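Please find one structure pasted underneath; my questions will follow.
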Amino acid sequence: MCLDIEHDDPAELSDDGYDLITLRLVFPFLHDRTRVLDTLAARLRVGGALVVITPVVATTPEERRHIALDEEEISLLAEGWSQVERLDAKGLAVLVLRHPARDFTAVEKSRPEPQSVVGVCAVVTDGSGCVLLGRSTRGMWELPGGRVEAGESFQAAAVRELAGIGDAHLLTVLHDDRADVRRLSAVVRISAWAGRLVLPEPHRFRRWEWHDLHALSALGVLFAPTAHALEAVWPGVLRGLPPVHSYAHASTPPVVGGEPAEAVRMRQEMAERVIAGGWAPSDAVEDALRTVPRHRFTPESPLRTAYDDDLAIVSSRDAARHPSRLRCRAAAARHLPTHTGHGRLHRPDPLSGHTTPQ
């Protein structure tokens, strides 16, 4: 066989696995080295070995060092294997790798140099749709909120000094520059507040008041992030503001393009098995089976699991009541046309906090 080990579908390789896989004088030419090693490790039988034979920088002439590995690359190559044996033969490093045991550890870099400030603007309305603003000791109107404390979420920071609040929804994150500091302002929407107006920080605020939206443009001095947050919730209420970057909080992630050939093949094979079994009751369901990239929705699962037509994956809360596989297929088939072809788009209503069909 002649296969591109980085890009071709490995279906032609033996499903029974291998006792020995050898990479001789090839590893420095691979681009996705870790991914290739993981793919090959998955095809080793129990006790099998993967052997990498490669030149090393220390014993390679300078003009040919691009085809050799340095000690850091060799250490990275050996990561994730329970048993690593290294031999040296005439300037070549021979690495014998057994028992793959890949894991991960999250670590931190050194403390970064502060370059930005992060704050929250809580846009709170009462039952009449009026918005809450505080008159600060700096002589301007500001929204509730402030800086985000260590370990605090945007929503938690927004409601820290408010009592009796309802749901807090992150709408967008605004980014602008204040002198030489990057400023990030999270806009959190609170539409069901039934608390009592108090002055928790009299050194910062003189009083709190409810304001009509149509009167905001006549209030005088507004704190810049407050003005941008109000404009983000109600576009057009404050015109003429300087530009600001806005990163809306998306409820659905963007479509990810491209997929490996192995996924395409497995999806087509799964679709044919399901259709042949009579579990696809319509053309819309057949089309969905052939085109929806299931592995995107289960990134923690290998391709073989994502495209297993005889495997019902249930959530932990449903673990106590496993449905039958056939019933799962039938239920999924009934619902697929609705979700793929006749779904309804919902947009948040800024006043109620609920969603309305569009």
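Worth knowing before you read on, the calculation uses all heavy atoms, side chains too, and leaves out hydrogens, waters and symmetry mates. These numbers were taken from a predicted model, which means no experiment stands behind them.
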message: Any heavy-atom pair between the side chains of Asp88 and Val56 that's under 4.5 Å?
response: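 They are not in side-chain contact.
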query: Does some side-chain heavy atom of Leu40 sit less than 4.5 Å from a side-chain heavy atom of Tyr18?
result: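 No, their side chains stay 4.5 Å or more apart.
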- request: Answer yes or no: is there a side-chain heavy-atom contact under 4.5 Å between Pro225 and Glu142?
  value: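 Counting from C-beta outward, Pro225 and Glu142 never come under 4.5 Å.
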message: Are Asp287 and Asp283 packed together at the side-chain level, in the sense that at least one heavy-atom pair is separated by less than 4.5 angstrom?
response: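 Heavy-atom side-chain distance check fails, nothing below 4.5 Å.
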query: Are Val84 and Leu77 close enough that some pair of their side-chain heavy atoms sits under 4.5 Å apart?
result: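 No - every pair of side-chain heavy atoms lies 4.5 Å or more apart.
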- prompt: Are Leu133 and Leu143 side-chain neighbours, meaning at least one heavy-atom pair lies under 4.5 Å?
  reply: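 When only atoms from C-beta onward are counted, Leu143 and Leu133 do touch, with a gap below 4.5 Å.
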- prompt: Is NZ or CZ of Arg138 both nearer than 6.0 Å to the six-membered ring centre of Phe223 and within 45° of the ring axis?
  reply: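 Satisfied, under 6.0 Å and within 45°.
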field: Backbone N/O of Leu241 and side chain of Glu231: donor-acceptor pair under 3.5 Å
entry: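 Not confirmed, Glu231 side chain does not pair with Leu241 backbone.
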field: Lys NZ or Arg CZ of Arg135 over Trp208 ring: under 6.0 Å, within 45°
entry: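 Judged by the rule (NZ or CZ under 6.0 Å from the ring centre, within 45° of its axis), Arg135 is not positioned above Trp208.
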- request: Would you check if the side chain of Thr60 reaches a backbone N or O of Pro55 as a donor-acceptor pair within less than 3.5 Å?
  value: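 No, Thr60 side chain to Pro55 backbone: no donor-acceptor pair under 3.5 Å.
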task: State which residues pass side-chain hydrogen bond (donor to acceptor under 3.5 Å, both in side chains) with Thr54; sequence neighbours excluded, sorted by chain then number.
output: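 side-chain hydrogen bond (donor to acceptor under 3.5 Å, both in side chains) check on Thr54 returns nothing, list empty.
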message: Checking the side chain of Thr22 only, and the main-chain atoms of Val51 only, is there a donor and an acceptor separated by less than 3.5 Å?
response: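 Side chain of Thr22 to backbone of Val51, a donor-acceptor pair under 3.5 Å: no, none is there.
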- prompt: So, the side chain of Asp212 versus the backbone of His214: is there a donor-acceptor pair under 3.5 Å, distance only?
  reply: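 Here the side-chain-to-backbone pair does not exist.
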task: Would you check, one step at a time, whether the test side chain to side chain contact (heavy atoms under 4.5 Å, CB included) holds for Val187 with His228?
output: CA-CA 9 Å; Val187 180; His228 283 298; over 6 Å; no
field: Any Arg189 side-chain heavy atom under 4.5 Å of Thr125 side chain
entry: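 With C-beta onward as the side chain, the pair touches.
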query: Where do Arg45 and Asp16 land on the salt bridge (charged side-chain N to carboxylate O under 4.0 Å, His left out) test, with the steps shown first?
result: CA-CA 8 Å; Arg45 294 172 180 162; Asp16 190 38; 2.7 Å; yes
- prompt: Taking C-beta and beyond as the side chain, do Glu79 and Thr34 meet within less than 4.5 Å on heavy atoms?
  reply: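 No, too far: nothing below the 4.5 Å cut-off.
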query: Should the pair Tyr247 and His175 be assigned to parallel (<30°), tilted (30 to 60°) or perpendicular (>60°) ring geometry?
result: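 The arrangement is parallel - the two ring planes meet at less than 30°.
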- request: May I ask you to decide if Ala93's main-chain N or O and Arg86's side chain share a donor-acceptor pair within less than 3.5 Å?
  value: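 The answer is no, because no donor-acceptor pair under 3.5 Å joins these two groups.
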query: Any donor and acceptor pair, going by atom type alone, linking the side chain of Arg33 with main-chain N or O of Leu30 inside 3.5 Å?
result: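 Pair found, side chain donor or acceptor close to backbone of Leu30.
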- request: Examine distances only and state if a side-chain atom of Arg183 and a backbone atom of Val117 form a donor-acceptor pair shorter than 3.5 Å.
  value: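 Judged by distance alone, no pair lies under 3.5 Å.
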- prompt: Hey, is the main chain of Asp308 close enough, under 3.5 Å, to the side chain of Arg273 for a donor-acceptor pair?
  reply: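 Looks like no, no N/O pair under 3.5 Å.
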